[in-house]
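FYI, side chains are in, hydrogens and waters are out, and symmetry mates aren't considered; it's all heavy atoms of this structure. The first residue in the sequence is number 1, and the count goes up from there.
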Amino acid sequence: MSPLVSRTSRSSAPWLALVAAVTLGALALVVPTRAAVADPLESCTPTQGAIVAVDFGAWGGPLLRGCDATPTTGLDLLHEAGFTTAGTAHDGPGFICRIGSPAFESGAERPAPADEACELTPPATAYWSYWIAPAGQDHWTYSPLGAMSQRPGPGEVEAWVFGGTDIGGTTGAPRFTPASVRATGPTPTATPTATPTGTPEPARPTGAQVKAVASYLVGQLTDGDHVDNWGVDYHRTIAVATALAGTGGQAQTLTKVVDYLQAHVDAAIFPNGDTAAPHAGNVADLALLATIVGGDPRAFGGRDLIATLTDHVCAATDLAAGCAAAGDFAGSAGPMSHASALLALKRAGVTPPAATVSRLTAQQCANGAFAGGWLSPTDACDPDLAATALAVLALHTLGGHDGALNSAKAFLSGAQEPDGGYQPWTGAGFSDTYPTGYAAQALAVLGLADRAAAATGLLVGRIVTGGGLSPDPSNPDADLAATTAAALALAGRNLATLGESPPAGPRPDLVKGVSYLVAPTNLIDGRYYESFPGFPDFGLSIDGAYALAATGANDAKLRAIVEFLRGGGAVGDSGFTVDTWLGIGTDYAAGGAIGKVALLAQVTGYDPRSFGGHDLIAALAEVTCTKTDLQAGCAGAGNYRYATSVFGQSLGIMAQRRAGQGEAATKPVDFLKGLQRADGSFPSLIPAGDADKDVDSTAMAAMALAPLTDDPAAVSAVDKALTWITSTQKEHGGFPGAAGDSTNSTALAIQGLTVRGDTYARQIDKALSFLAGQQNDDGGFTVAAGGQAGSDVRASTQVIGGATGVSFAALTRDVHELPGPDPTGTPTSTPTPTPTPSASQSSSPSAAPSVTPSSPGTGGHSSGNLPRTGWSIVTITLLALVLVVAGVLLRISARRRAVTGAGGGS
C-alpha cells in the first residue's frame, strides 16, 4: 500500500460527498484541515522521520506529539502527525492561526473564535510560534522559515507553542526540551526552561557625536593648520590630522593641516637637525598619515619618509645615535613608536627589515603585553596599553604572528575593566580614555567585537560639551590627547585599515536574479507570487515589483504585477482579493498594507489617490491612531492601525510624505522615532519586546527618517541607527536576521547604510560580496549562509532590490503608460541593473518584513513577522484524490438510486 493511502483513514461516502460539496463551493477563506492518522512513534528514529509536538497548555491542555516517517515540509509533518490547522482571512490558509487535535477537546481548534477572530495576522504576543531542533540538538531554535518551506531532516523534532516571542525568537521558547519529545524520550511534560536574560548593551557613538569630536579637534588648531603648545607641537598636529581623516567631514581642514606638515616636514622629523637621529615617532606617524590621505610617503614635502625609516635601522647599540639595541629605528623611544614605524612601512608596501620585526616581538612580556619603553631581559614589565595596541595593529598587518597576537589577545581580554575601559598603569584604579582609545582599535582587529564595543561605550561616556573627551573620571574637561586617541575608535576605524580603498569584491548578478524572479514557476501567470496554491501573496508580489522597479530590468512584468493588484488580485473563485487584504472600510483596515500598496503606486507612476478603487492616501490618514487602543490595533498616537511592525509604519510614512502629506505624517514620524532604543536599534514588532532589536527594521526606519533633513532629531536617529547596524556586521560581510546570517537582512542593511554612502562604503562593499556568495546558479538567493540550501523567492526579491541601494523615498520606475501586460514576457526595456550603491543614492527598503523566507516558488508571511505555513503538496494531492473518489462514489450512488426507483415502479 502506498504511503499516501496508508496515512489516510477510511471514510464513508456521505463524508466524501460533504468534502466535495464544501471544497467545490470554496466559500470560506479560512480552510481547516482534517486530521490524518499519524505514523506510530516508533517509526520516527534518530535517522528516520520527524516528531512534532504541540503545546495546548495555554488552554489547560496537554503536550501532544505525533510522528511522520516521511515528512516533506514542516506543515506536512504537522498535518500527517494528526493535527489540524486553519489560517486567517487576511493572509489565507497559508498562515496558521489555529491548531487542533482529536486528542484535545474533541479536536476543537485553538484559539477559539471568541478569543481570536483570525481575520488579521495574530499579534506577536499571542500566536502559534514555530521551533525546530535538528537531530542531535537539544535546544530549540526559532524557525527562520515558514512551515511550508521548512524541510525536516531525519531525527528532527519540531514544536508549536502558543504565546509570544520577538523577531529573533529570544523569548517564548517551548517549556519542554527537544529530548523530552523525541521518539525515544519519556512521555513529554511541559517543564519550564530558563528564560535568557540580556545584559545592558554599551552605548554606541552616533554620527552626530563623531562629527562633534571632529569639530572639537578643528577648534584646537592654531590658524586652522597646526597645534601650538608653547611652540608648534608636530606630534599632536599629526595626531589631529589622522583623527580628522578617520572622523570625516573636515576635508578642507585636513588638507590645510597636511599642507602645513609638508611645508614643515624637516622641522617635524629632524627637530635636532638632519645630522642627528630623526624623531622616529614623527617620521612613522607622518608616513602613515600620508598613506591614509592617499599621498606618497616617499615624497612628502620633498622628503622620502620611508627611506628615512629604513636608512636609520640600528646595527648595534649606540645611545648617542638613538639606538638602544640592534634592530631599532634610530630615535625610537620604545615599542609604541617602533610599532608605528612597522605599520607605516607595511602599509606603504614595504616589508620591514627582519631585525626590526624581531626587535618588537622580543619586547613582548610574558603576559602578552608590551611596555611603554624598551626593556632589558632583567627589567620588570609594566604593561602599557597604548603600546600593546599599536603592537597588535602592526603585527596583525604584517601577518604571520598568530602566537604573539593570541598572547596579546588574552592580555587585553583580562585587563579590560568592568566599565569597558583600561587603566593607564597597573593599580591606577580607574579607566583612562587615552589607552582605551587605542585598545578599542586593537580589540576590533583581533575580532573581539563585544569587547571593542564595550571599550567604545566607555569612550562615548567621556564625550563632554563641545565634542572633546575627558581623560579620566576626575577631570571633566576635554583633553586633546585623549580625544585624538579615541577619535578613530568612535568612528569605527583603526590605523591598520584607515584610508584603504580595496578593490571591489564580487557583486550579485542582478540580471540573473531578475530572470529568476520572473520565471514562470515563480511569477504565477506572469502576474503574482503565491505562498499557498490558489491564493496570491499580495505582500510578496509587491516585494517582487519593488525589486523589478529598482533594477529596471523587466518593465513588462512590473506593469503586469501592478495591473494585477490594481485590478483586485482575484484568482479563481476563492474570494481572496486585494480588498480583503487591505480591509479598507472595515474594522480591520491594515495600515501597513495600505502604505505598501500606496507606495507601489507612487513608485510605478500610478495615482495612489485612485488605485484599485481607493484613495490610499486618504485611507492612511483615516487609519492614523489618535491614542493607544490595542483592541483597535493602535499601539499609540501616530501608529497606523494594525501596522504591527516597524516595516509597516515606515512604509506608511514614506507613502504619505511622497504624496505631499508631510504634516499628516508628523504624528506617525514621532511615533516611529519613539520606538528607537538607546543604542540606536529599532524593534521589529509593535508593541516590542525588551530583546527585540532587528537589523531589517532599523534599516527601514533609517530610510523612512532620512528625508527629514530639517529635523535634527530625525537626523540624529538616522545616525544612531546606522551606527548600530554597522556594529552587527559579521566578518564575512553579512548581517544577522531571524534566519541566521541573512541575505534579506544584509540587503536591507545595504539600503540603510547607503543613506550615508561615503561613510559606510567599506561595509557596503563587504555586504555586497557576501550576497554574491549566496547567489545560486538559477539566479536566486539562499535565505541565510549555511542554512537550508536552494533559492528562495522572498529572500531573492529583497536581495535584488536591496543590492541596488535605491531608496523607496526616491525609487521611481514609471510603467503606468506602457502597453498592457505582455503574455510573452518580453521586456519593454532591459537596462542593465546597477548593483553597487553610490554615495549619492538614498537607501530604501525593498519590501515589507520577511522573517519567514520560503522555498522556490513560494513566499513567506507578507504583512507581519510570524512564520507562514500552508498546505503541503501531499495534502493537496490527497484532497484531489478524495474529490475524484467522491465524484465516482456519488455517481455510482446516483445510478443505484435511479435503478432502484425504476424497478420499484414496475
If you round to the nearest 0.5 Å, how far is [atom2] of [Y] from [atom1] of [X]?
{"X": "Thr73", "Y": "Glu80", "atom1": "OG1", "atom2": "CD", "result": "9.0 Å"}
{"X": "Ser541", "Y": "Tyr528", "atom1": "OG", "atom2": "OH", "result": "8.5 Å"}
{"X": "Tyr516", "Y": "Asp777", "atom1": "OH", "atom2": "CG", "result": "13.0 Å"}
{"X": "Glu158", "Y": "Ile51", "atom1": "CD", "atom2": "CD1", "result": "10.5 Å"}
{"X": "Met703", "Y": "Leu651", "atom1": "CE", "atom2": "CG", "result": "9.5 Å"}
{"X": "Ser796", "Y": "Asn776", "atom1": "OG", "atom2": "CG", "result": "8.0 Å"}

Side chain to side chain contact (heavy atoms under 4.5 Å, CB included) assessment of Val562 paired with Phe611: CA-CA 10 Å; Val562 179; Phe611 189 90; 3.9 Å; yes
Do you know the tightest heavy-atom contact between [X] and [Y]?
{"X": "Leu510", "Y": "Ala803", "answer": "CD2-CB, 4.1 Å"}
{"X": "Pro736", "Y": "Val695", "answer": "O-CG2, 3.6 Å"}
{"X": "Ala545", "Y": "Leu558", "answer": "O-CD1, 3.3 Å"}
{"X": "Ala50", "Y": "Gly153", "answer": "CB-O, 4.4 Å"}
{"X": "Ser742", "Y": "Phe770", "answer": "O-CE2, 4.0 Å"}

Side chain to side chain contact (heavy atoms under 4.5 Å, CB included) between Ile96 and Ile99, worked out: CA-CA 7 Å; Ile96 289 182; Ile99 301 180; 3.7 Å; yes
Geometric class of the Phe535/Phe576 ring pair [parallel <30°, tilted 30-60°, perpendicular >60°]: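 Rings of Phe576 and Phe535: tilted, 30 to 60°.
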Geometric class of the Trp581/Phe538 ring pair [parallel <30°, tilted 30-60°, perpendicular >60°]: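 Tilted, since the angle between the ring planes falls between 30° and 60°.
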Which residues share a salt bridge (Lys or Arg N to Asp or Glu O under 4.0 Å) with Asp525, sequence neighbours left out: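 Partners of Asp525 by the salt bridge (Lys or Arg N to Asp or Glu O under 4.0 Å) criterion, ordered by chain and then number, come out as Arg527.
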Just by distance, with hydrogens left out, do [X] and [Y] show a side-chain donor and acceptor under 3.5 Å apart?
{"X": "Ser684", "Y": "Asp692", "value": "no"}
{"X": "Asp579", "Y": "Thr577", "value": "no"}
{"X": "Tyr606", "Y": "Glu563", "value": "yes"}
{"X": "Thr726", "Y": "Gln763", "value": "no"}
{"X": "Thr84", "Y": "His79", "value": "no"}

Close aromatic pair by centroid cut-off 6.0 Å: Tyr546 and Phe808: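 Under 6.0 Å, so yes.
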N-O pairing of Asp778 and Lys512 below 4.0 Å: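 No, this pair does not count.
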Pair Asp765 + Arg507: basic N to acidic O under 4.0 Å: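 Salt bridge: yes.
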Check against side-chain hydrogen bond (donor to acceptor under 3.5 Å, both in side chains), Thr743 and Gln774: CA-CA 7 Å; Thr743 55; Gln774 300 303 313; over 6 Å; no
Heavy-atom side-chain contact between Leu517 and Tyr529 under 4.5 Å: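 With C-beta onward as the side chain, the pair touches.
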Asp694 side chain reached by Val646 side chain, heavy atoms, under 4.5 Å: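 The answer is no, as the side chains (C-beta and beyond) never meet within the 4.5 Å cut-off.
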Candidate pair Asp555 and Leu818, rule side chain to side chain contact (heavy atoms under 4.5 Å, CB included), full reasoning: CA-CA 8 Å; Asp555 287 345; Leu818 292 178; 3.6 Å; yes
Leu548 vs Lys557, side chain to side chain contact (heavy atoms under 4.5 Å, CB included): CA-CA, chis, key distance, verdict: CA-CA 8 Å; Leu548 295 179; Lys557 287 292 191 288; 4.0 Å; yes
Residue among Thr797, Asp543, Asp696 satisfying side chain to side chain donor-acceptor pair (under 3.5 Å) with Asn744: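 Looking at Thr797, Asp543, Asp696, the match for Asn744 under the side chain to side chain donor-acceptor pair (under 3.5 Å) is Asp696.
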